[in-house]
J.: 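Okay, handing you the structure first.
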Amino acid sequence: MGVEIKETRVSDAEFEEMKQFVYEYLAASVEKETEGGRMRWYPWHSAEYRFNHILNVVDLAEEIARGEGADVDITRVAALFHDVAKLETDQELHAEAGARVAREYLEARAEYPESFIQQVCRAIEHHSYQGDLTDLALETQCLIEADLLDKVGANGTTLMLLRMGYEARTHMEADEMVDRVLERGYDAASRVQSDTAESIAHQRLKRVKWFSEWLEDEIAGL
Ligand SMILES: [Fe+2]
């Protein structure tokens with residue numbers, strides 16, 4: 001007996017169109033910006049990075065939603081829009097702003113039921129919640145867990161190593177930086193609640209730990 005897969009309201013073609021919209025929205029946010037804006041030379045402040053993070057979160061959120069029996073469509077659409085306003089709004093306001101962008105998009109495009117739009121927007125609006133994840137709707141929980149997990153593994157490690165370059169650090173500090181990724185990973189893993197997210201976190205942490213051990217084994221000065 002598998003987990004029941006709920007009926008899809010959003011076709012793949014519609015989802016592809018949404019992706020295109022989100023990418024263009026992010027790119028336009030960077031273009032609109034006047035000089036002296038955020039540090040766009042940090043790769044993770046660019047539209048490309050943000051979009052890539054969003055796609056990672058979509059995949060993770062979908063996997064968690066399927067494993068936990070959440071509504072996959074609500075979860076994946078919320079994941080796709082969750083950071084849409086991130087580059088044009090302050091961190092504290094981006095969740096609410098993202099929910100507004102999603103609502104406007106969904107209301108204008110097709111005949112999505114109001115209850116669907118409401119649940120998508122609620123997940124986006126609550127995705128910065130810092131409390132216990134079990135307080136939230138299951139789809140919101142899947143989104144937050146996915147968002148946390150994207151920082152835990154290879155992606156988080158790569159970003160940290162890139163940052164070392166931007167900060168003119170040498171590779172002799174790599175072990176320290178990777179340990180920081182691990183620490184953050186343990187924090188993130190302690191917040192996730194579902195079995196599916198826990199097992200993804202566990203696997204990702206294990207790999208980062210291996211990487212940290214390899215560094216120490218193979219680089220003489222570490
Ligand atoms: Fe995010």
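One-based numbering, in listed order, for ligands and for the atoms of each.
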J.: Please determine whether H82 has a backbone or side-chain N, O or S atom lying under 2.8 Å from the Fe ion (ligand 1).
T.: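 Of the N, O and S atoms in H82, at least one lies under 2.8 Å from the Fe ion (ligand 1), which means yes.
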J.: Over 60° means perpendicular and under 30° means parallel, so classify the ring planes of Y105 and F81, tilted if in between.
T.: tilted
J.: Of Q141, H82, R122, H94, which is the lone residue that meets side-chain hydrogen bond (donor to acceptor under 3.5 Å, both in side chains) with H127?
T.: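 Of the listed options, the one satisfying the test is H94.
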J.: Determine whether H53 and D147 make a side-chain contact, defined as any pair of heavy atoms from C-beta on separated by less than 4.5 Å.
T.: yes
J.: What is the name of the N/O/S atom of D147 that is nearest to the Fe ion (ligand 1)?
T.: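 The atom in question is OD1.
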J.: Could you tell me the angle subtended at the Fe ion (ligand 1) by NE2 of H53 and OD2 of D83, rounded to 10°?
T.: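 Result: 90°, to 10°.
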J.: With no hydrogens and no angle check, is any side-chain donor or acceptor of E216 less than 3.5 Å from a backbone partner on D175?
T.: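 Answer holds: no.
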